[in-house]
Amino acid sequence: MASAAQTVLPSGSGSRLLRRFVLWLLVLVCCLGLALLVWRWTENAAIDKLRLAGAQRLDSYAVSLENLLSKYDFLPGTLELNKDVIALLQQPDDELLRAEVNAHLEQLNKLSKSTTIYIVNLQGLTQASSNWREPDSFVGDNVAFRPYVRDALRRTPGGFYGVGTTRGEPGYFFAHGIYHNGHMLGVATVKVNIEKLEKGWVQGTDKVMLTDAHGVVFLSSVPDWKYHALAPLEPAVLQELEVSRQYFSHALLPLGLRELRQLDNGASIVATPAPAERTRMLSQTRSLSPRKWQFVYLSDLAPAEASARNAFLFTWLSEALLVMLVLYARQRRRLGRQRQRARLDLQRAYDHLETMVAERTASLQQMTHNLSEENVVRRHAEQKLRQAQSDLVQAGKMAVLGQMSAGITHELNQPLTALRTMSDNARVLIERGRLDEAKGNLTTISQLIARMGALTGQLRQFARKADASLKPVPVAAAITAALFLVERRVEQERVNFRMSMLSQGVHALCDSNRLEQVLVNLFTNALDAMDGCETRQLTVSVTRSFQKAMIAVSDTGPGIPEAIRNHLFEPFFTTKPQGQGLGLGLAISEQIIREFGGMLLVESTTAGGARFIIELPIAEPETT
Ligand code: ADP
């Protein structure tokens, strides 16, 4: 269930995701497009710069070549001014003359720093040469097949670059007809080495080539490229070059430059041939018109490509940075909005809290009001309870009196009977004149009446409603008063009563009437318990311990079984037969003592009887 719920996305969030994806794709494509544009633009700008530099180089190379060649242009023509040269051409067998011309040519060659200077007759046979001393001297060689000789003989003086047929040394050949009195006698030829120019062409990784009219490379800053054709040569051209032996025995294979892209103004981007250094280069050409030669300048594109690549990367990084900045700004805005929302929520919560506090305060006030009302009700109830308790105490008291009524009646009946008998006797004694005896009888009668008056007075005192206020009460007096009410029973039931005042003159803070009520209860219970027992001993002891007065009432009855001890102080708990016990005595007594601020405890005596202990606060006796 849970996994199914996870895989199902709400359609709204799905389309939002798709929209976001498309947007980011668009941003990516735009960034890539812009970076590519920058790449292209930077590359083009770098190529333009390379073209400008290349064009300048080509111009300077062309000028230096022309300067070099033009220096020798006039040299062959000057030889027809030499008489010996003319004479030798006229008398080709004059060896002396040949030697002189050879020496002259040798000297001239040295001065002009050319490679070789030689004189050819109209048949193409070399008559004299500056290298006459060398073992491979040109003297005697027939060079009629050489195009520059042919051209000169046809009266069109010209130049020619070729590889020497004797030594295989390349050079530029200048040829000029030698005329005497308007007649051509032969041809003067100067060979110049222009290979030294190549050395000045080496510029870093750039490459320079000089090609002839057929596109054959004869000078190059890359030695391996020499005597290769820019494009494959036609068979007819190959044949012609074979005949003229312009490039001696070189095969003139295609160089293998591959054009990659055509640019305007004859420039192009090419791939260089050697596999090891196959790089893209910018190719520019410059024609040297009279000789139909062509300079090819190849600029290395690697720096341009590197700067284009760098520009691409820079743009790409800048775009990434920009995107990140935009994202950062958006994030900040979102955070700001969230913070604003949180602030509003907080404010709302605060307002809500305030309302709640106000409501709670109002309800608290209401509760306080209710409480004070309840307090009034409670106080009222407490009053009622106190009243009820007091009534109960009174009822308990009445119950004790009720229980004692038989005894009291007996107590009053006996003196009354005695009174009747004695008053009758007194009358008889007076009639008989026995006045002393009658007087004695009357004294006894008055004693009996006094005793009855004391008893009824004690009963009235016991039955009156107790005073609520607490006063210092002499404990011994209270015990005596209580004993007075049960005295008769004690005597009748032959109970041994013992009072031990371990502390004299002890006063307790209580109400004497109610304390007597408690003591009468305890005495009555003790007498009830000892009814039928062999030993009947009722002991009351008074002790003082710290601030407490302790009254212990012990008997020699059967004691209180453990099972009922916890229920003793419960109202209406009694073990006495119906009509004899109400079960209120101990409950009321305990309550009375508690109201005095004391405690009513029960324990067993060592003899097995029961002992009730009243603990009351000590009070100093009133001085008045
Ligand atoms: P009542 O005397 O009406 O039964 P009380 O509250 O005075 O009510 O006493 C409760 C019960 O406690 C008595 O029924 C009795 O079983 C027991 N009791 C009280 N005093 C003693 C005593 N001194 N010895 C043994 N049992 C006692």
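It should be emphasised that the depicted structure is a prediction, and the values quoted were computed from it without experimental measurement. One-based numbering, in listed order, for ligands and for the atoms of each.
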**Prompt:** Does Gly557 come within less than 4.0 Å of ligand 1, judged by its heavy atoms?
**Reply:** no

**Prompt:** For ligand 1, is there an atom lying under 4.0 Å from some heavy atom of Phe612?
**Reply:** yes

Sub-4.0 Å atoms of ligand 1 with respect to non-hydrogen atoms of [X]:
X      : value
Thr574 : 1 (P), 4 (O), 14 (O)
Gly559 : 25 (C)
Ile560 : 25 (C), 26 (N)

Determine whether more than 12 heavy atoms belonging to other residues, nucleotides or ligands lie under 6.0 Å from atom [atom1] of [X].
X      : atom1 : value
Arg565 : CZ    : yes
Met367 : CE    : no
Lys576 : NZ    : yes

Ignoring angles and geometry beyond distance, decide whether [X] reaches within less than 3.5 Å of ligand 1 through its nitrogen or oxygen atoms.
X      : answer
Gly583 : yes
Asp528 : no
Asp555 : yes

**Prompt:** When you measure from atom 13 (C) of ligand 1 to each heavy atom in Thr575, Leu522, Leu586, Thr524, which option holds the nearest one?
**Reply:**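 Shortest heavy-atom distance from atom 13 (C) of ligand 1: Thr575.
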
Find the distance between [atom1] ([X]) and [atom2] ([Y]) and round it off to the nearest 0.5 Å.
X      : Y      : atom1 : atom2 : answer
Arg258 : Arg280 : CZ    : CZ    : 11.0 Å
Thr575 : Ile564 : OG1   : CD1   : 5.5 Å
Glu305 : Thr42  : CD    : OG1   : 12.5 Å
Trp41  : Leu36  : CH2   : CG    : 15.5 Å

